[in-house]
Structure formats: C-alpha cells, structure tokens
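So that the names make sense, note that chain A is the first sequence line, chain B the second, and so on, each numbered from 1. As the structure is a computational prediction, the values presented were derived from the model and not from experiment.
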Amino acid sequence: MTVLGHSNAAPQNRHHLSYTGFRVNRPGSRFPRQDSPFMRLSAYFLPILRDDPKEAEIISHKLMLRAGMIRQEAAGSYSWLPLGFRVLKKIEQIVREEQNRAGAIEVLMPTIQSADLWRKSGRYDAYGKEMLRIKDRHDRDMLFGPTNEEMITDIFRHGAQSYRDLPRNLYHIQWKFRDEVRPRFGVMRGREFLMKDAYSFDLDAEGGRHSYNKMFVSYLRTFARMGLKAIPMRAETGPIGGKDSHEFLILADTGESQVFFDRDFYDMDWTEFSIDYDDAAAVGKLVEDFTSKYAATDDKHEAAEFEKLPADRRLSGRGIEVGHIFFFGSKYSEPLGAVVQGKDGQPVTVLSGSYGIGVSRLVGAIIEASHDEAGIIWPEPVAPFKLALINLKAGDSGTDAACEKIYGALGAKGVEVLYDDTDARPGAKFATMDLIGLPWQVIIGPRGLKDGIAEVKNRRTGERSNVPLTEIVDRFSA
RNA sequence: CGGAGUGUAGCGCAGUCUGGUAGCGCACCUGCUUCGGGAGCAGGGGGUCGGAGGUUCGAAUCCUCUCACUCCGACCA
C-alpha cells in the first residue's frame, strides 16, 4: 500500500494526490481507503450493542452480535459487518497460505451447481433435504452447493490424462449452503458458511497416504497460527464416505461434542511444524506422533482403550470441530470416471481425499475458546486490528496531537490500528475496546501526557505498563 | 420434521387476560455541567404494534389464516 505524507501528520481531512493522480490515503485522512491497516472509529461502521440480543444463546454468538461483527439476515445466514469481515479475511488468508505451503493449488468453483453431476455420483437423491434445490428459468435442476467433490473430480478428470498429472491437490474457499433443519449458535452452525475444501488426487494408496498426511500437518500448522490447539481425533466419516478420517477439534465448554483425549497432547510442541512436505517419511512420522495418542469424540470413543491410560492422563471435555479430513479412495473417481493413463499405458482410476476447514465457523470457535466477562480476546494473528489507540480526551489539543502523531506513525509502518478519536467518555471507550477484543490498547490521556507516557494494556492478561510516547511506535512495529 | 414459545422504536422490554388510538430503560439528537472503567440535568427525534382478512362505533389487545424468528428433541461441518 502506498502511503504518502509525513508519519507525524497533523489531523486534517484533505485528501492528497499521489504522483499518478490517484487519491491515496494517509493516516491523517479521516476516511482512509478500505484496505487500510488503520481506521478512525469516528469514520468506521461499528454498531456496538450494550445488551445481549435475545436470539443469541452461546457466548460467541452474543459477542459477535454485540461487537457489531455480524447481522443475521435469515435463520443461519449472516451479513459480515466490517469488524467481522476483517477477522474472516484474516482466517481465510492463514488457511490459504498454509494450503499453498503444503502444495495445494487454489481454484474457485461456483456456488450454484447443476444437478447432473450429482446424479452421476448418486448423491442427488442421497443428500436429502439438506441440499437446497433450485430451478433455473429453463426449469433445469440446479442446487446451491453443499460441497464440491463431484465438481472438482469432474474438473480434474477433464484436465488430467496421464500419471504425470498426479499427484495434485486442488482447493477452494467458497460459500456453501446446507439447509439445516435447525441452524443455531450463530456462525458456528449456520446454513450458509465459508469453507475451505481441498481435494487430492493420487495414483496409488501410498501416494494417497502422503497427500492425506500433508494435509494433516498443514492443519496442525494452520490452527497453531491462529493460536489454537486443534486436537486431531479419529472420526466418523459421515455422508461423505471413506475409510481414513480425522476431525480437528478445539476445546471449549460450549463445544457440540464430548471428547476424550490423552493429557500428553498438552505437553506436545504445537508450534514447531517446520517440515519438508516432500519428505514423506518425516511427514508420516509427525502424523504418527499426533495420532498414536488417544483422542476421540464420543461417537468414536472406546472406553476400554481409554481406560488403559493412567488416570491422571485421561482428560475429557467439550470440543468444536474446525476441520475434517477424509481419504475416500475411488468413491467419486469411479462413478465420475476420473481415470488417467498409467506408466504401462493402462487406465488407472485415481484415488482421492477431501479436506475441509470451516472458515466462518472458526470465527465463532475462536471466540468460544478466547473470551472473558468483558468480551472477546483475539489471538493476535486473527485480530481485526492489532491495537486500539484510545484518546481519552478527544478535543483536547494535547491528547489530540499526541494521538495523531502516534496514529500516523503506526499507520505509516503498516501497523493495524483502530483509533478511537470519538468524544465518548473514558469508561465507555474502555468497555467498547474490551468488548471487541483487540490484543493491545494504547491509552493516551492528559494525566500520562504530562509525563510523556501512554498506558499500554494487554487485553488478554490485563497487564498495564507505562510506556514513553517516543517508544510506542517501535514497540508495535517491530 | 415433532414439541414449546416469541414477534410492539436500533437493542432489551411493559402494555394484550379486562378493546378507547402506544409506553419504559439503553442507544440517538441539542444544550449546560462533567470527563482514567459504560456520567448528571434539561429539552428533543423516532414505532401504527410481523403480514392479510374478519368482528366492532373503535383493535397492539378479540377471531381466522399466514409469515418469520427462538428454544427442546431428532440431524449435522
């Protein structure tokens, strides 16, 4: 992003022109461009609610509504307001980066699909009422995609003819719709939801195993980057079918399923997953480490096996599923004719797996796992802004000037800052910022200003420290 | 899909039983005083009561139909 002007820009509302004549924004502008890393609260759209809306049952749903992140449009379908949208995009981007790192290739498929492919796989009738069926003007059967195995398999088979075209892993991040009988829990179980789905294609079982394992490791990395410990558990394969399957669950009191797992998961290293994805043995070893310990949801729970663990290692709690991976072999490639020519010239039916992450669900899941009485506590990598700059006395020339200077300097360094430049009272400002949960609060008021200091508060720990104004920018732009 | 419930101002609610033309708190606007953890006073703006039909001189209120949303269950990423 191009930012012109001085880092210590004085407050003013005029737009400046870049050399190309396009208007660009700068920290001093009251209305920065939409992709700006910084924002003035006075120019933002943040409809905060003081009371819990009655339709919300669980904490994440209440907090998302109160923090002005989402707005319900119909049962299980939500508009994403600016603050929520930023979080959604942060999560989406982390997922994207880790998919790419693991060698998956991004595509984009339509939300509306033709029924034809689904008739071929036999799922048009099998899927039931959860599938939203639509007719177009020619009375053709269409549907709003609940998932994309058929379509991606069809895409792949048209683009791959030889064993040389394998292995491949294609993924997309797209809105899906499942017409749940009873949507609830806000974005945790909506009807319309944003999902990352990857689909792997391999020549043989060994290759398929490697593809599966790569996704397994990429999931460990993905969730770890969001500040989550998502424990992989043996899973039911459900309507998608297949043999090997793991669910990734994060622990939260409001989780939808009961989980049982080995305490050892707590002691494992959840941060160091730098690994060569092409090294099948190393990847397999890491997967082995994470799957050899007991972890299961209630429907796969085997009490007898669990009891073998020493009592102090047997842990149980509630979990929220945030990812699910399957290896299902030829379940779709067979009926859809995904066949390539092998080395010996003979046709080979490819083997595939599918790997999902609930991107929109993660927004709620992270809040379930990270909040307190005052509101949300965002892990820094997914926070809508890194810090809140709070002007305790807007209108006072001293605090205004000090805040503008820091706001401008942080903006110039690309630090994501939400600047509360409104003339609300201090207590209201603190409450709002605690509610929306930005990781850091930089508080500037006349009291500290006398000594040239700002108060820096860590949202998670509540820890406060006095930091000289001159050091603020360096501290957050490192 | 079975059971229960709720729709009245942006949000939370009262009013409905016992019909008489809509009210409270928060939020919002103006002014004054305040100003380091959701300020006080004063003055304002905003809803036609989910929708349609009916009963009645008169309907938020009674009747019929309908739509939406929520909760429990079954189901599910």
Problem set entry | Aromatic plane relationship, F265(A) with W270(A) - under 30° parallel, 30 to 60° tilted, over 60° perpendicular | tilted
Exercise. Should the ring pair Y219(A) and F223(A) be called parallel, tilted or perpendicular, given that the plane angle runs from 0 to 90° and is split at 30 and 60?
Worked result: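 Y219(A) vs F223(A) ring planes: perpendicular.
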Without decimals, in angstroms, what is the distance between [X] [atom1] and [N] [atom2]?
X	N	atom1	atom2	value
E247(A)	C76(B)	CD	P	11 Å
R66(A)	A27(B)	CZ	P	13 Å
L392(A)	C35(B)	CG	P	13 Å
R191(A)	A68(B)	CZ	C1'	11 Å
D197(A)	A77(B)	CG	P	12 Å
I390(A)	C35(B)	CD1	P	19 Å
L249(A)	A77(B)	CG	C1'	10 Å
I48(A)	C26(B)	CD1	C1'	14 Å

Exercise. Would you call E256(A) and R361(A) a salt bridge, using N to O less than 4.0 angstrom?
Worked result: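 R361(A) and E256(A): salt-bridged.
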Problem set entry | Cation over ring face, R168(A) and F201(A), 6.0 Å, 45° |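 That pair does not qualify as a cation-pi contact.
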Exercise. Does the cation-pi check pass for R225(A) over F273(A), that is, NZ or CZ under 6.0 Å from the six-membered ring centre and within 45° of its axis?
Worked result: no
Using atom [atom1] in both nucleotides, what's the gap between [N] and [M] to the nearest angstrom?
N	M	atom1	answer
G20(B)	U61(B)	P	11 Å
A42(B)	G47(B)	C1'	24 Å
G12(B)	G2(B)	P	28 Å
C62(B)	C49(B)	C1'	16 Å
U21(B)	C26(B)	P	26 Å
C35(B)	C69(B)	C1'	41 Å
A22(B)	G46(B)	C1'	13 Å
A60(B)	U48(B)	C1'	9 Å

Exercise. Can you list, by residue number, the residues of residues 415-434 of chain A that have a non-hydrogen atom closer than 4.0 angstrom to RNA chain B?
Worked result: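 Within residues 415-434 of chain A, the residues near RNA chain B are R425(A), P426(A), G427(A), A428(A), F430(A), A431(A), T432(A), D434(A).
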Pair partner, [N] [Watson-Crick or wobble, under 3.5 Å]:
N	result
U48(B)	none
A14(B)	none
G7(B)	C67(B)
C57(B)	G20(B)
C41(B)	G31(B)

For this session: When you get a sec, tell me which of C75(B), C71(B), G37(B) is the closest nucleotide to the side chain of R182(A)?
Result: C71(B)
For this session: Nearest-nucleotide wise, let me know which of R189(A) and G76(A) is further upstream toward the 5' end of RNA chain B.
Result: G76(A)
Any base atoms under 4.0 Å from [X], or only sugar-phosphate, or nothing? Heavy atoms, all strands.
X	answer
G364(A)	nothing
E321(A)	sugar-phosphate
G445(A)	base
G448(A)	base
K457(A)	base

Are more than 12 heavy atoms from other residues, nucleotides or ligands located less than 6.0 Å from atom [atom1] of [X]?
X	atom1	value
E73(A)	CD	yes
K129(A)	NZ	no
D253(A)	CG	no
F85(A)	CZ	no

Exercise. Do F216(A) and Y355(A) have ring centroids that are under 6.0 Å from one another?
Worked result: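 Not under 6.0 Å, so no.
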Every protein N/O lying under 3.5 Å from an N/O of nucleotides 4-12 of chain B:
| unit_1 | atom_1 | unit_2 | atom_2 | d |
| --- | --- | --- | --- | --- |
| U6(B) | O2' | K54(A) | NZ | 3.3 |
| G12(B) | OP1 | K54(A) | N | 3.1 |

Exercise. Taking only side-chain nitrogens and oxygens of Q72(A), does any of them come within less than 4.0 Å of OP1 or OP2 of U70(B)?
Worked result: yes
Exercise. Any side-chain N or O of R178(A) less than 4.0 Å from the OP1 or OP2 oxygen of C76(B)?
Worked result: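 Answer is no, no contact under 4.0 Å.
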For this session: Among I91(A), L362(A), L88(A), find the residue that satisfies the side chain to side chain contact (heavy atoms under 4.5 Å, CB included) test when tested with V382(A).
Result: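 The passing option is I91(A).
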Problem set entry | Flag, side chain of K120(A) to backbone of E150(A), donor-acceptor distance under 3.5 Å |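 The answer is no, because no donor-acceptor pair under 3.5 Å joins these two groups.
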